[in-house]
Amino acid sequence: MNDAEYKRFTDAAAQCQMTNAAFLAYAVDKAARDLTRTAAEIATEREVIEELFAARRHLGRIHGLFNQVAKALNSGGDAPHLDATAQAVLNAARRMEDATDVLLAHRDGGAAA
């Protein structure tokens with residue numbers, strides 16, 4: 001645990017009006033009660049970054065599919081659900097940007113903008 005992490009830990013214990021030992025015991029017990037959530041919350045930064053890269057790859061594939069749709073439309077084809085699909089992709093891209101912003105803010109020790 002580095003100095004910043006230790007300070008965050010001791011500040012949190014003080015805020016809860018608990019000793020460091022009591023706060024640590026409480027946190028460990030709470031984490032042990034829901035291992036699925038705990039695993040997700042303590043995923044390494046590397047795992048999170050790998051997931052963001054995977055999402056970026058998927059968005060790249062979607063880009064290619066939209067190019068195929070554009071080609072079909074230019075050839076007189078029809079795409080009745082194009083607007084809804086485009087909006088869903090835009091929403092996914094925005095969520096990915098938000099997740100990236102949160103990751104970078106956490107990495108820099110600050111809050112997301």
Side-chain angles (χ1 to χ4, degrees):
M1 181 179 291
N2 64 34
D3 290 342
E5 292 167 335
Y6 182 75
K7 180 170 181 358
R8 199 168 39 246
F9 162 66
T10 57
D11 288 349
Q15 180 69 31
C16 294
Q17 299 177 342
M18 299 171 87
T19 65
N20 289 351
F23 183 80
L24 184 59
Y26 174 80
V28 168
D29 181 59
K30 185 170 174 110
R33 290 175 187 269
D34 188 353
L35 295 177
T36 302
R37 181 174 176 184
T38 299
E41 289 180 356
I42 62 172
T44 65
E45 185 175 299
R46 180 176 178 80
E47 291 168 325
V48 173
I49 291 170
E50 287 172 0
E51 288 299 319
L52 287 173
F53 277 115
R56 185 176 70 174
R57 282 192 305 277
H58 291 299
L59 286 173
R61 289 183 188 122
I62 291 169
H63 176 262
L65 294 173
F66 270 104
N67 282 340
Q68 292 177 16
V69 170
K71 183 178 178 182
L73 290 173
N74 288 334
S75 298
D78 189 23
H81 303 290
L82 181 59
D83 288 339
T85 303
Q87 188 61 51
V89 171
L90 180 60
N91 291 342
R94 285 185 178 144
R95 286 193 309 271
M96 190 173 131
E97 288 175 1
D98 292 344
T100 302
D101 290 344
V102 169
L103 175 66
L104 291 174
H106 175 74
R107 184 178 190 175
D108 295 337

For [X], which residues count as a side-chain contact (heavy atoms from CB on, under 4.5 Å) partner, sequence neighbours excluded?
X: Ala79; value: Val69, Leu73, Leu82
X: Tyr26; value: Met18, Lys30
X: Leu59; value: Ile62, Val89, Ala93, Met96

Sequence neighbours left out, what passes side-chain hydrogen bond (donor to acceptor under 3.5 Å, both in side chains) with [X]? Give chain and number order.
X: Asp11; result: Lys7
X: Arg57; result: none
X: Glu50; result: Arg46
X: Asn91; result: Gln87

Subject >> Residue pairs involving residues 59-74 (criterion side-chain hydrogen bond (donor to acceptor under 3.5 Å, both in side chains); sequence neighbours excluded) >> reply: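 As it turns out, the side-chain hydrogen bond (donor to acceptor under 3.5 Å, both in side chains) pairs with a partner in residues 59-74, which skip direct neighbours, are His58-Arg61.
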Original post:
Looking at CD of Glu5 and CG of Asp3, how far apart are the two atoms once the value is rounded to the nearest 0.5 Å?
Top reply: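 Between atom CD of Glu5 and atom CG of Asp3 there are 9.5 Å.
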Original post:
Can you tell me how far OG1 of Thr100 sits from CD of Glu97, rounded to the nearest 0.5 angstrom?
Top reply: 7.5 Å
**OP:** Could you tell me whether Asn2 atom CG has more than 12 heavy atoms of other residues or ligands within 6.0 Å of it?
**Re:** yes
**OP:** May I ask you to check whether over 12 heavy atoms, not counting those of Gln17, lie within 6.0 Å of atom CD?
**Re:** no
Subject >> Distance-minimising heavy-atom pair for Thr85 and Phe66 >> reply: CG2-CZ, 4.0 Å
Original post:
Leu24 versus Asn20: any side-chain heavy-atom pair under 4.5 Å?
Top reply: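 In short, these two side chains do not touch, never coming nearer than 4.5 Å.
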Original post:
What pairs meet the salt bridge (charged side-chain N to carboxylate O under 4.0 Å, His left out) rule with one or both residues in residues 16-29, with sequence neighbours excluded?
Top reply: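 Output for this query lists Asp29-Arg33.
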